[in-house]
There are 2 protein chains.
Amino acid sequence: MASTDKLSPRDRLLDAAARLSYRDGVSVGIEALCREAGVSKRSMYQLFDSKDAMLAASLERRVPWYDAQLAHPDPEAATPRERILYVFERLERASRDAGYHGCPYLAVLVELKNPEHPASVVARTVKDRLAATFRAEAERGGARDPDLLARQLLLVFDGASARAGAKVEDLRDGLATTTVTALLDAAGMD
Amino acid sequence: MASTDKLSPRDRLLDAAARLSYRDGVSVGIEALCREAGVSKRSMYQLFDSKDAMLAASLERRVPWYDAQLAHPDPEAATPRERILYVFERLERASRDAGYHGCPYLAVLVELKNPEHPASVVARTVKDRLAATFRAEAERGGARDPDLLARQLLLVFDGASARAGAKVEDLRDGLATTTVTALLDAAGMD
DNA sequence: CACGGTATACACCGATCGGTTTCCTTTCGT
DNA sequence: ACGAAAGGAAACCGATCGGTGTATACCGTG
């Protein structure tokens with residue numbers, strides 16, 4: 001059973017929603033979520049307006065952790081190229097985990113075909129922020145077309161995470177970093 | 001209403017399943033599928049063992065059309081590089097359609113987190129065959145590492161289709177072909 | 001005409017969906 | 001110690017899920 005101590009019902013619900021919707025998909029039922037969180041359905045509907053709202057909130061809550069996951073541990077000492085490559089090294093590393101099912105934000109965007117869904121909006125902002133980060137690094141690294149390079153990197157990032165999550169591809173040999181290196185070189189980055 | 005003439009109930013069901021599961025996701029109900037196909041639920045369960053089996057069959061049925069969609073119109077006259085690029089030109093072209101929601105096979109793999117699901121198996125074989133095609137072209141084109149290049153191309157293919165389908169990226173300016181060109185060049189292809 | 005196969009319509013099954021409500025216990029401020 | 005308020009368990013709502021059972025209509029073939 002999940003730890004039900006020391007966290008508020010709200011946080012337990014958000015954690016359960018993040019975990020179960022990632023493992024089973026966004027179509028997971030409220031009943032299962034509440035059971036997992038150890039919170040009554042009644043309480044959850046006092047904390048959130050709807051299942052959709054809770055799902056969006058659970059995605060939003062993970063953003064800082066997600067960002068930290070992809071951020072280079074020593075940003076000052078690293079070059080832009082190293083900071084970009086670090087993102088893909090983390091992706092490759094995460095994909096080795098047995099419970100890895102791809103980037104949760106991309107998965108939500110694919111599962112909820114509706115881009116207007118509150119959870120889709122959150123997911124898209126996460127993707128847009130990663131693109132902005134890549135673009136800034138590309139600029140600092142002297143890429144010929146920073147915006148183009150950033151968009152290319154996201155193609156690889158989402159392609160790799162989707163394929164690894166679906167168990168169609170295995171990133172353990174460094175496929176993502178190898179591909180990114182080729183693109184960085186082609187873009188004229190330091 | 002969908003055309004209910006001239007096609008067998010089986011074909012009407014498979015078409016409806018392909019269309020609705022692509023538009024609304026694999027969680028679309030049987031009731032809706034049968035209504036769209038103009039076939040009774042009873043008949044459907046005489047033609048297919050389960051919803052999962054019908055979904056897998058509907059995916060399989062589209063394979064020849066899907067392959068033809070990505071095949072260069074004049075394979076003899078085209079170079080390996082042209083045949084590869086043609087795939088991504090078609091992808092960019094398809095993504096302009098209002099009803100485009102990404103590659104249906106990748107979507108199924110992401111939505112059905114279970115790789116053992118019959119529909120997932122079909123989807124994976126489609127992906128594997130595309131990888132084999134890329135690999136063959138890469139070999140013919142003199143790429144240094146044909147297998148690596150093929151896997152890189154699929155990263156871009158699936159990343160582009162997922163992002164375009166989720167309306168997070170716009171391929172109209174040729175982002176996919178540009179990226180692929182960079183990878184082909186880096187791989188030393190003719 | 002009678003036949004067998006195939007189709008339909010439709011009720012029905014238990015389970016679950018998102019969401020609400022009722023009842024009762026626990027907790028807390030005074 | 002008392003009363004209000006909050007929270008939990010569970011019944012309940014109508015709808016839908018995947019899947020069946022049943023009875024009836026249509027069909028080409030004998």
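All chains are named by letter (A, B, ...) in the order of the sequence lines, taking the proteins before the strands, and each is independently numbered beginning at 1.
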key: Listed partners of A:T125 passing side-chain hydrogen bond (donor to acceptor under 3.5 Å, both in side chains), at least two apart   = none
message = Less than 4.0 angstrom between a side-chain N/O of B:Q46 and OP1 or OP2 of C:dT6, yes or no?
response = no
query = Roughly how many Å is it from CE in B:M44 to P in C:dA7, rounded to a whole number?
reply = 13 Å
ask   = Whole Å only: how far is the CG atom of A:L20 from the P atom of C:dC17?
value = 12 Å
ask   = Taking all atoms of both residues into account, what is the closest heavy-atom pair of A:A119 and A:L112, and its distance?
value = CB-CD1, 3.7 Å
ask   = Can you check the A:K41 NZ to C:dT21 P distance for me, whole Å?
value = 13 Å
Return the polar atom pairs (N/O with N/O) between nucleotides 22-26 of chain C and the protein under 3.5 Å, or none.
{"residue": "C:dT22", "atom": "O4", "partner": "A:R42", "partner atom": "NE", "Å": "3.0"}

ask   = Which whole-number value in Å describes the distance from A:F48 CZ to C:dG18 P?
value = 15 Å
ask   = Are any of B:S40's side-chain N or O atoms less than 4.0 Å away from OP1 or OP2 of C:dA7?
value = no
key: ILVMFWY cluster, B:V122 and B:L109 together (side-chain gap under 4.5 Å)   = no
query = Are the side chain of B:R135 and the backbone N or O of B:R151 linked by a donor-acceptor pair below 3.5 Å?
reply = no
inquiry  = Please evaluate residues A:Y22 and A:V108 with respect to the criterion side chain to side chain contact (heavy atoms under 4.5 Å, CB included), reporting the C-alpha separation (whole Å), side-chain torsions for both, the decisive distance (0.1 Å), and the verdict.
reply    = CA-CA 8 Å; A:Y22 179 63; A:V108 156; over 6 Å; no
message = What is the distance, to the nearest angstrom, from the NE2 atom on A:H117 to the C1' atom on C:dG18?
response = 12 Å
Spacing of B:M54 atom CE relative to D:dG19 atom C1', expressed in whole Å = 12 Å
message = Whole angstroms only, please: what is the CD-C1' distance between B:E31 and C:dC12?
response = 12 Å
Distance in angstrom units between A:I30 CD1 and C:dT21 C1', rounded = 15 Å
ask   = Do you see a donor-acceptor pair shorter than 3.5 Å between the side chains of B:R96 and B:Y100?
value = no
